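Values below: all heavy atoms of this structure, side chains included; hydrogens, waters and symmetry mates excluded. All values reported here derive from a predicted model rather than from experimental measurement. Positions are given from 1, in the same order as the sequence printed here.
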Amino acid sequence: MADPTRPLPNLVPQPDGSWTGRTVLTPTAFTTRGRFTLPPSKVIPVIVVPGIMGSNLRAATSPAKRANKALGPGEAAWRAPNGKFEGLKTARKWKHLTPATRQDLLHPDTVEVDDRGDIHLPLEARSYGLSEAEVRERDWGEVHWDSYGSLLYGLHVNLNHTFDMDPLDNVRTICRHWKEVMACDPARWGVRNIDRITEAELEQHARFHFPVYACGYNWLASCGDSAGLLRRKIERVIAFWNERRRECGKVILVTHSMGGLVARACAKQIPEQILGVIHGVMPALGAPACYRRIACGTESWSPSNGVVANKTAEAIAGILGATPAATMPVMATSPGALELLPNHLYPKPWIHVHTVSTINHREVMRDIVHLPSGDPYDFYRDMQSWYRLVDPLLLDPAHRYRDEEAGKEAVRQAIARAERFHREILGTYYHPNTHVFYGSDPAQLSFGAVHWVARDPANGAVYTEANLRGGAMAGYAPGGGRRVRVEGHSSLLFVPARQDAPGDGTVPHQSGSGPRAQVQQSFEVRGFDHQEAYKHEAVQLLTQHLIAKLVQKMP
């Protein structure tokens, strides 16, 4: 039987190619030996790229950026809450912020990534030599811990521990977490069969060291700008390891939601420096939920939720903005937010206008208007129709623009940037070694389309596409509703209907499955909510599986 040992903090690479470690003296009576683990000399960094609102932001400290009107330089501007108690506290705070304060607080030109976010390593991290100081150097503090902490920590531990020595027989065994990956039922990953990992492939995997990094970004700015930030981080990370005489030429990107768009644009610039990409719940073609949240406010209810989940959704809506007056001033001029709208590749039409009448004691629904019928960006630029994305009257409560026309021009410029990102910067590009998983769960309904529904008070009035399209906005109503005057008829109250398509609660299957024909593998996984995708056990196992398969491409 091998003598017991105790783990010491992870070794630190040095410029001369050596490793150094720190420990403390112990009493002579303490005879358990300390153990340093020497990593392999070949390095494949893994970089986690979060989704929208998954990066912590602060008021800009750089003199190159404009001053934040609501905060002093360096003050926290956005920190998604960790845990239910903090969530309730944050919801109470944000619920009472005025639209003007929200606009000043979250302006894309006045914020930057904040690396001081919470990190809550489990107690067992000590047994792996992991410290908070080490992971802060790898930028884990840039991202929301509740959403990504278990992913970052799990990858750090599992990727760098492949084999153990059996203490009784002193023979090599496969680590338990890899046995779980190898034994996972492919049905949990939405496929019938899978090319399972072999022990020989794990031997290839064990030849490499996998430092795990996070890459936060300013999600209010264009994903094209964020792609440049990610590129610079990749280049710095590779240079860091090469300067310490390690073999490092490629990274693996693991993305969540909007982070997939950022990573795709980055990979298009430097494909040779990326071994592969794993995209999770990416809105590849955009998401109608974005239109719904800008135009109507954040939904606080879903038919997929139970009582507790709807209470959580209500709190989230309070933070993000439950009314268009709260969401529009922030999102309408933020290119990053607009880049989540359904793009030119999303199946059209995805907005439908209905009326409901009671005829002979029966509910009769008429499906009358279907939008957009042409270029979706022209639809977004329309600020006159009652079903418009942006209302100029709600756009600028903080009076950042000299007049209404200047505010409208800011919207048009932001939409133009989003269109250029979709059509030119991103296009249909995917890195050659790309794997995708997405939700298509009928128990996690998403907005595959947005349905405006009004009850006909006349029960049988004749509404046409022409007179409904020509209706005039008469005001807002609770729940994101809009009152519309229709020529020759009484006013109608249009309300946005509930979620209608299988998905993950945010991204519908139409968008998540969009890359299927252009990537190596696509997995339809069920059982998780969009924001918590990487906390799902099957997803964590799948991510490990895919990383191990990507490593087989290395010499």
Side-chain angles (χ1 to χ4, degrees), residues 51-54 57 70 77-78 80-81 90-108 110-111 218-221 257-258 283 286-302 312-342 351 379-383 385-401 407-408 410-411 414-415 418 446-447 450 452 473 475-482 494-499 505-507 530-531:
I52 188 171
M53 294 177 287
L57 301 179
W78 171 258
T90 303
R92 284 195 294 269
K93 170 188 171 184
W94 281 80
K95 186 176 181 179
H96 296 292
L97 294 183
T98 66
T101 300
R102 289 172 178 268
Q103 183 184 6
D104 282 338
L105 189 64
L106 294 176
H107 190 281
T110 68
V111 294
N218 178 3
W219 39 267
L220 294 162
S257 191
M258 182 190 205
C290 185
Y291 166 86
R292 202 275 185 204
R293 291 174 183 178
I294 296 175
C296 309
T298 307
E299 70 279 7
S300 59
W301 179 87
S302 169
T312 301
E314 185 177 344
I316 292 172
I319 296 171
L320 304 184
T323 66
T327 58
M328 214 173 285
V330 174
M331 299 177 72
T333 55
S334 298
L338 297 175
E339 284 159 9
L340 296 181
L341 287 164
I351 295 179
F379 172 77
Y380 302 141
R381 281 185 276 263
D382 170 20
M383 287 177 258
S385 302
W386 68 264
Y387 41 74
R388 61 200 169 200
L389 173 71
V390 178
D391 181 348
L393 297 180
L394 298 182
L395 176 64
D396 189 26
H399 306 295
R400 298 186 70 94
Y401 306 105
K408 291 163 71 173
V411 173
I415 292 171
S446 308
F447 289 105
V450 175
W452 289 103
M473 182 79 169
Y476 290 92
R482 295 183 175 185
F494 283 97
V495 296
R498 69 183 195 177
Q499 297 88 334
T506 300
V507 176
H530 178 82
Q531 188 58 36

Show the nearest heavy-atom pair for residues Y291 and Y387, with the distance to one decimal.
OH-O, 2.8 Å
Any chance you could measure M331, atom CE, to R293, atom CZ, to the nearest 0.5 Å?
7.5 Å
Trace of the side-chain contact (heavy atoms from CB on, under 4.5 Å) decision for I316 with Q531
CA-CA 12 Å; I316 292 172; Q531 188 58 36; over 6 Å; no
Is it true that a side-chain atom of N218 and a backbone atom of P108 form a donor plus acceptor pair closer than 3.5 Å?
yes
Report the distance from atom CD1 of I52 to atom OG of S334, rounding to the nearest 0.5 Å.
8.5 Å
What are the two closest heavy atoms between Y476 and M328, and how far apart are they?
OH-CE, 4.5 Å
Looking only at heavy atoms, what is the nearest atom pair of E299 and F447, with distance?
CD-CE1, 4.0 Å
Closer than 3.5 angstrom, by distance alone: can the side chain of D396 be matched with the main-chain N or O of G407 as a donor-acceptor pair?
no
Rounded distance [0.5 Å steps], CG in L220 versus CG in L106:
5.5 Å
Are L341 and F379 close enough that some pair of their side-chain heavy atoms sits under 4.5 Å apart?
no
Checking Q103 side chain against A398 main chain: does a donor-acceptor pair fall under 3.5 Å?
yes
Step through the shown structure and confirm whether more than 12 heavy atoms of other residues, nucleotides or ligands are within 6.0 Å of NZ on K408.
yes
Side chain of S446, backbone of T506: donor and acceptor closer than 3.5 Å?
yes
Hey, what's the ring geometry for F494 with W386, parallel, tilted or perpendicular (30° and 60° as the breaks)?
parallel
Flag side-chain contact, heavy atom, 4.5 Å: I319 against W78
yes
For the student: nearest non-hydrogen atoms of L395 and A332, plus distance:
CD1-CB, 3.7 Å
In short, I294 meets T327 closest at the heavy-atom pair O-OG1, 3.3 Å
With side chains defined as the heavy atoms from C-beta onward, is the minimum distance between Q499 and R292 less than 4.5 Å?
no
Which atom pair, heavy atoms only, marks the closest approach of H530 to S257?
NE2-OG, 2.9 Å
Rounded distance [0.5 Å steps], CG in L394 versus OG1 in T323
8.0 Å
When rounded to the nearest 0.5 angstrom, what distance separates CG in L389 from CG in D382?
9.5 Å
Could you measure the distance from the CD1 atom of I415 to the CE atom of M383? Nearest 0.5 Å is fine.
6.0 Å
